[in-house]
Amino acid sequence: DLLAHRSRYPYNSIDQLNSVNPKDLDEFYKWFVGFSDAESMFGISPILYGNKIERFSFIFRIGLHKDDLNTLYYIKSKLGMGYINANKDSQIFTISKMDEIYKLISIFDNYTLNTSKYLDFLSLKKAFNLYFNREGGLTEQLKNEIIELKNSMNTNRVDYNMYKDHEIIITKS
């Protein structure tokens with residue numbers, strides 16, 4: 001919990017979040033995009049009931065060594081969302097709530113990723129929109145479309161061709 005770590009990580013204070021200068025937030029987003037290009041992953045997880053897909057979970061994660069926990073608390077505080085948990089010698093920042101993934105999509109729509117991570121983001125965004133903008137139930141066709149997008153991401157990616165209109169933007173941040 002952020003408040004429990006306030007004295008240990010003083011720059012993460014909620015007071016600072018409420019008084020963020022828009023220019024500072026812009027610089028943070030630029031930095032966050034570059035950091036995400038290097039350290040994050042996007043994921044889609046089918047949630048099963050028995051052996052049948054009942055729903056999907058959409059995930060953004062950054063995993064770092066436990067010595068870099070301060071960085072994850074900084075990201076969490078600036079974004080105002082997500083949670084952090086431990087896994088052996090690493091700490092993992094995760095965003096998985098629907099409204100938070102929606103906000104994250106908005107950030108990456110406005111501050112574009114540069115690497116093949118951008119393609120993973122587009123797959124997650126497409127699957128997220130298909131899933132949450134559907135009319136009616138979760139059809140087999142929709143499940144298959146989302147699974148296909150999931151299977152084209154991260155280490156399963158075989159197509160690394162960027163879209164023609166994708167512009168690489170490198171900032172000072």
Side-chain angles (χ1 to χ4, degrees), residues 2 5 9-45 56-65 67-85 90-133 145-146 148-173:
L2 181 60
H5 295 282
Y9 307 102
Y11 58 84
N12 294 325
S13 79
I14 303 244
D15 299 331
Q16 282 182 322
L17 280 177
N18 293 332
S19 63
V20 171
N21 177 333
K23 185 179 184 310
D24 292 341
L25 197 54
D26 180 62
E27 290 303 311
F28 166 75
Y29 286 148
K30 290 174 184 175
W31 172 85
F32 175 66
V33 166
F35 194 82
S36 296
D37 261 327
E39 302 294 339
S40 73
M41 65 82 63
F42 295 95
I44 301 168
S45 295
F56 287 91
S57 175
F58 301 87
I59 303 160
F60 172 82
R61 283 198 175 116
I62 298 173
L64 299 176
H65 189 269
D67 292 344
D68 296 318
L69 180 61
N70 297 20
T71 303
L72 296 179
Y73 275 104
Y74 174 74
I75 291 168
K76 181 181 183 301
S77 71
K78 286 293 212 180
L79 292 175
M81 59 185 170
Y83 60 92
I84 298 169
N85 58 1
S90 64
Q91 298 287 326
I92 301 168
F93 170 73
T94 304
I95 294 175
S96 60
K97 292 180 182 176
M98 181 191 79
D99 60 324
E100 293 179 350
I101 292 288
Y102 182 78
K103 290 176 192 173
L104 188 73
I105 288 171
S106 177
I107 291 168
F108 288 125
D109 276 345
N110 289 297
Y111 298 85
T112 307
L113 294 153
N114 288 319
T115 66
S116 62
K117 198 82 59 167
Y118 176 68
L119 299 171
D120 292 337
F121 161 70
L122 291 177
S123 294
L124 176 118
K125 178 182 170 182
K126 182 174 182 180
F128 181 88
N129 286 327
L130 286 169
Y131 184 73
F132 286 107
N133 293 328
E145 282 182 68
I146 293 172
E148 187 176 321
L149 287 164
K150 173 199 175 313
N151 290 339
S152 73
M153 296 169 63
N154 303 311
T155 58
N156 293 326
R157 178 163 298 288
V158 292
D159 180 5
Y160 291 90
N161 293 317
M162 290 290 185
Y163 295 94
K164 289 180 183 177
D165 64 343
H166 181 259
E167 183 180 346
I168 294 177
I169 300 170
I170 299 174
T171 67
K172 189 173 106 179
S173 301

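The first residue of the sequence shown is numbered 1, and numbering continues consecutively from there.
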Report the distance from atom [atom1] of [X] to atom [atom2] of [Y], rounding to the nearest 0.5 Å.
{"X": "Leu130", "Y": "Lys126", "atom1": "CG", "atom2": "NZ", "answer": "6.5 Å"}
{"X": "Glu39", "Y": "Lys117", "atom1": "CD", "atom2": "NZ", "answer": "8.0 Å"}
{"X": "Ile75", "Y": "Leu64", "atom1": "CD1", "atom2": "CG", "answer": "6.5 Å"}
{"X": "Ser36", "Y": "Asn114", "atom1": "OG", "atom2": "CG", "answer": "11.5 Å"}
{"X": "Leu104", "Y": "Met81", "atom1": "CG", "atom2": "CE", "answer": "5.0 Å"}
{"X": "Glu148", "Y": "Met153", "atom1": "CD", "atom2": "CE", "answer": "13.0 Å"}

Residues forming a ring-ring contact (aromatic ring centres under 6.0 Å, His included) with Tyr29, sequence neighbours excluded: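 In terms of ring-ring contact (aromatic ring centres under 6.0 Å, His included), with neighbours along the sequence ignored, Tyr29 is linked to Tyr111.
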
Which heavy atom in [X] sits nearest to a heavy atom in [Y], and how many Å separate them?
{"X": "Phe93", "Y": "Gly82", "result": "CE1-CA, 3.8 Å"}
{"X": "Phe121", "Y": "Asp109", "result": "CZ-OD1, 3.5 Å"}
{"X": "Ile101", "Y": "Leu124", "result": "CG2-CD2, 4.3 Å"}

Residues Glu27, Lys30: salt bridge by 4.0 Å N-O rule: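 Looking at Glu27 and Lys30, the cut-off is met.
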
With ring centroids as reference points, do Phe42 and Phe128 lie under 6.0 angstrom apart? no

Suppose we call two aromatic rings close when their centres sit under 6.0 Å apart. Are Tyr74 and Phe32 close by that rule?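 Aromatic pair excluded; centres sit 6.0 Å or further apart.
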
Assess the residue pair Arg61 and Thr94 against the criterion (side chain to side chain contact (heavy atoms under 4.5 Å, CB included)); give the C-alpha distance rounded to whole Å, side-chain angles, the decisive distance to 0.1 Å, and a yes or no. CA-CA 5 Å; Arg61 283 198 175 116; Thr94 304; 3.3 Å; yes

Any side-chain heavy-atom pair of Tyr131 and Ile44 under 4.5 Å: no

Side-chain touch Phe108/Leu122, heavy atoms, less than 4.5 angstrom: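 Sidechains of Leu122 and Phe108: no contact.
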
Any donor and acceptor pair, going by atom type alone, linking the side chain of Ser123 with main-chain N or O of Leu119 inside 3.5 Å?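 Side chain of Ser123 to backbone of Leu119, a donor-acceptor pair under 3.5 Å: yes, one is there.
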
Quick check: does any side chain N or O of Lys125 sit under 3.5 Å from a backbone N or O of Ile105, one acting as donor and the other as acceptor?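 No: the side chain of Lys125 does not pair with the backbone of Ile105.
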
Could you label the plane-to-plane angle of the Phe58 and Phe132 rings as parallel, tilted or perpendicular, counting under 30° as parallel and over 60° as perpendicular?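 Answer is tilted, since the angle falls between 30° and 60°.
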
